Each structure stands twice: as structure tokens, then as C-alpha cells.
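Okay, so here's the structure we're looking at.
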Amino acid sequence: MKYHILTWGCQMNEHDSEVLSGMLEEMNYTRTEKLNEADIIILNTCCVRENAEIKVFGRIGQLKHLKHKNPNLIIAVCGCMTQQKGVAEKIAKNFPYVDLVFGTYNLDNFPELLQKAVQSKTTFIEVLEKEEKIIENLPVSRADNLKAWVTIIYGCNNFCSYCIVPYVRGRERSRLPKEIIKEVERLAEKGYKEITLLGQNVNSYGKDLKTEIDFSGLLKELNKINGIERIRFMTSHPKDFSDSLIFTIKECKKICEHIHLPVQAGSNKVLKMMNRHYTKERYIELVEKIRSEIPECSITTDIIVGFPGETEEDFQETLDLVEKVEFDSAFTFVYSKRTGTPAATMPCQVDERIKKNRLERLMDLQNRISKQKNQLLKGKTVEVLVEGYDKSKKGKLFGRTRTNKLVHFDGSKELIGRLVNVKITNPKTWTLDGVINQD
Ligand code: 5AD
Ligand code: SF4
């Protein structure tokens, strides 16, 4: 029996798919890359922006012919989209050949739900309304054998006014430090070299626990684990980024010098409407503090254009901030109305054409800055964790710098999994070319 999982959205979702894979493999399913070979297809969905949702519905529609060819095929839909009001019922109505719909709070129940779905003649739906307690020790089948995602906190308490996440992922729940440490120790034993700690807001880690530990404290513990060479984390909310965290990153050798710090907008009026709890000035101050303590640190961000009420002047302030901060790179988004969030009903929604135009101008600016920043690395030697062999680039190796920049270089496959020094010869906008330093 074979399975195939389609995943949309963030690393959190990617990691949930790794857990689903783990459970399926325990049930003796094996992974297949080919949809038409699969006995079960799972669609792990995202609803953070409307276009992700449109893609999912389109994809479910495309699966109809496979079900027609193989009536025993099981089709399941899970993830953030299913957690929204009415979506599960809409799927069952419009795509009755879907066997199972389940939400984000009952992933651990998947084997049981699958059994119920097989027995049910109609679409079996189980979407819980509220988060449950964290279930540990679920099987995980990871997509990579060098780098691993480790969730440290589930959910979000921030309620940024545009964002659907708090409604579909629930309130913040931190995993116990001992569970996280145990998981990372096991990963090290298996030969993993890099971990990325995941959470919608990792800086809130521990606030909901009885144990006296915060995110810095957790990082310090993980930094002690032999075998792990690199520690990354995402995402950080600027309002919760403490001085102690800056010093922890500076002190702990394994913590990589890269911070993903979504700013979202550069106008204080828009930031307030977004419910972000910081000003442009405070954000810039934070970046300056980070750079004064960790000069080599790369800083990346997320930016939304066309939030309701955003005027040309407000947008200009975003451009000014981007110019001033000089992000290494940025994920840029057009504001997407999410039903149920406060921003969806705010007046002065911005015209789609204006949004697109702002996005293009922002991307042009950021691309110019990314290229300039990468140019500074020309001739420099940087540490790269060799991750793999890129067939499309005529046998080149690839890996990432500590600052999370992708580097291509010639070398033998034996180097995969090792840290090597690479001299950057040709920096580009999104990637760097280099040669292994022989000295
Ligand atoms: N519209 C556009 N972008 C959004 N994001 C979250 N919600 C929305 C929305 N409604 C972006 C934010 C966040 C990233 C993961 O997705 O920039 O940081
Ligand atoms: Fe959404 Fe804001 Fe929470 Fe991030 S911090 S998940 S943008 S509500």
C-alpha cells in the first residue's frame, strides 16, 4: 500500500506531514512520488492567504478521475483550511468522493479516523473546535536526514488583525523542555546536524509552562547537545524579542546568525491597525541592537502590502523602512481578506490593481537590496553545511551558510553532511556561487 501527501503552507504544515508520514509508515504504507500509484492521498492544506485555498480546491477537483479509476483510493483533507467554519461541509458537499476531513487539533488520531473513513459511505468529518493537550512521541518520517524541524510551541496568542492562524491553530501551547531536549538528542544520535525550532512565535516559548524556562533558556540547553552543529528557529515576533535572546545567540556557538523577523509594514498607523504592538522606530532600534551585538547576522522579514486603509504615503513608509533596514531577503505578500479576522471587515479595502503595483515596487526594491547585500560576500570565505547534490546544476553541491544563504559549488558527494569552508566567487540576488577553500 502506498501513500502520497500534498502539503501547502508553512514549515509547521510540512512538519505535520512528516508526522502523518510516520503514522502511515507504521501502518505499513510506503511513500510514492506518483499520485496515480497511491492508495491514499492526503492534502494538508493552508488558509493563510486566499490563493492557497483556491489551489487546494482545484487540486481536490483534479483527484476525481483517480478515484474513478481506483474506487478503493482514499482521499483525505486536513490542515488549517478544514478548521475554518463550514469548509469541511463544503468539501463533503462539492467533492463527495473525499473520504475523510480532519482538523489541526486531532492529527494524532489519524489512524483511528482513517479506519472510520474506510467504513463510512459518506465523507467522514472530524474537526475539533478547541486545541487538545500536546501528544508526544508520535512517529515521524522526516523528509531530510541532515536537517530536522522540531516544533517547540503550537498555536498563537497574538491575533494580528489580518491573520487566520490563531483561529485555526488555537492558543499557545509550549512543549515541555525535557521532551524537546529528548527529541533533539535522538536526532543527534541519528546523525542529524541541524535543527530548526518551529513556532508561530518562538519568543513566547515557555510562558504557558509551570517550569521556569524561556526561549533563551531552551536554546542554551539545546546548544549543549553533542552532534548537532547548527540551531535555527522561526518565527520571531519583534515585540517579544528580548535582549537576553540577542546575547544567547551571540554566546551560543551553534545558534546560526539568522533571524526571521517579520515587520509586516513600515507605517505606524498600519502597524497599529494590524495589532502588531510595536512601532517602526522600535523595530529599527531592535535591528540596530541585533546588528551591534552580532554584526554578521542576516535579517529576513515578511511584508504585507495593501492592508485596509494603507495609503500611498503609508506604503512609501514601508519602502523607506526596507531601504533603511536593508533586509537580506523578504517574503512579500499582497493582503488577502480572511473571513473571521478583524481586518476583513475594516473599511477602505485597497484595490487589487494598487496592491499588485505596490507588491511589484516593493519586490524591485528588495531584489536590488538582496543583490547588494550578497555582493558584500564576494571573496569572503563562509562555513557551509553541505546538504546535497544538485542534478539540475551539472553535479554541483549545495548547502547553506550560517546566515541561511544558499550556495552552489563543485565538490565530491562524500562531503554531504559535512561543514566546509567555501569562498564566494559569484554572488547573485537569491543564491551564491563559490569554490571550496582548500587552505
Ligand atoms: N494576507 C496576506 N499575508 C498574510 N500573512 C498572514 N496573513 C496574511 C493575509 N491575510 C503573511 C504574514 C505572515 C506570513 C506567514 O504570511 O506576512 O508573517
Ligand atoms: Fe498570525 Fe500574527 Fe500569530 Fe504570526 S504572530 S501567526 S502573523 S497572528
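Values below: all heavy atoms of this structure, side chains included; hydrogens, waters and symmetry mates excluded. Just so you know, ligand 1 is whichever comes first in the structure, and atom 1 is the first atom listed for that ligand. A quick note: this is a predicted structure, and the numbers were derived from the prediction, not measured.
Here the protein heavy atom with the shortest distance to atom 5 (N) of ligand 1 is R49 NH1, 3.5 Å. Looking at atom 15 (C) of ligand 1, its nearest protein heavy atom turns out to be D302 OD2, 3.8 Å. The nearest protein atom to atom 10 (N) of ligand 1, hydrogens excluded, is given as S336 O, 2.8 Å; this is a heavy-atom distance.
The part of Q264 lying near ligand 1 is the side chain, judged by heavy-atom distances below 4.0 Å. Under 4.0 angstrom from ligand 1, the non-hydrogen atoms of V48 come from both its backbone and its side chain. With a 4.0 Å cut-off on non-hydrogen atoms, Y162 touches ligand 1 through its backbone as well as its side chain.
Enumerated by chain and number, the residues approaching ligand 2 to less than 4.0 Å through a heavy atom are C156, N158, F159, C160, Y162, C163, V165, P166, Q200, H237, R276.
Side-chain atoms of Y278 come within 3.5 Å of backbone N or O of V263 as a donor-acceptor pair. In terms of modelled atom types and a separation under 3.5 Å, the side chain of S161 and the main chain of M273 share a donor-acceptor contact. Remark: the backbone N or O of G170 is not paired with any side-chain donor or acceptor of Y154 at under 3.5 angstrom. T45 places a side-chain N or O within 3.5 Å of a backbone atom of C78 that can act as its donor or acceptor partner.
Just one residue in the list R400, R230, K405 forms a salt bridge (charged side-chain N to carboxylate O under 4.0 Å, His left out) with E383, and that residue is R230.
Listed by number with element, the atoms of ligand 1 under 4.0 Å from a non-hydrogen atom of Y335 are 1 (N), 2 (C). Heavy-atom contacts of R338 reach the following atoms of ligand 1: 10 (N) (cutoff under 4.0 Å). Short contacts between ligand 1 and I304, defined as distances under 4.0 Å to a heavy atom of the residue, involve ligand atoms 3 (N), 4 (C), 5 (N), 12 (C), 17 (O).
Side-chain atoms of D240 and N201 include a donor-acceptor pair closer than 3.5 Å.
The ring of Y389 has its center no closer than 6.0 angstrom to the ring center of F398. A centroid separation of 6.0 Å or more is found between the aromatic rings of Y162 and Y335.
Note on ligand 1: V334 sits in its first shell, one or more heavy atoms being nearer than 4.0 Å.
In this structure the side chain of N374 never reaches within 4.5 angstrom of the side chain of K371, judged on heavy atoms. Here the side chains of E387 and K147 are in contact, with some heavy-atom distance below 4.5 Å.
In terms of heavy-atom proximity, I249 sits nearest to C256 at CG2-O, 4.1 Å.
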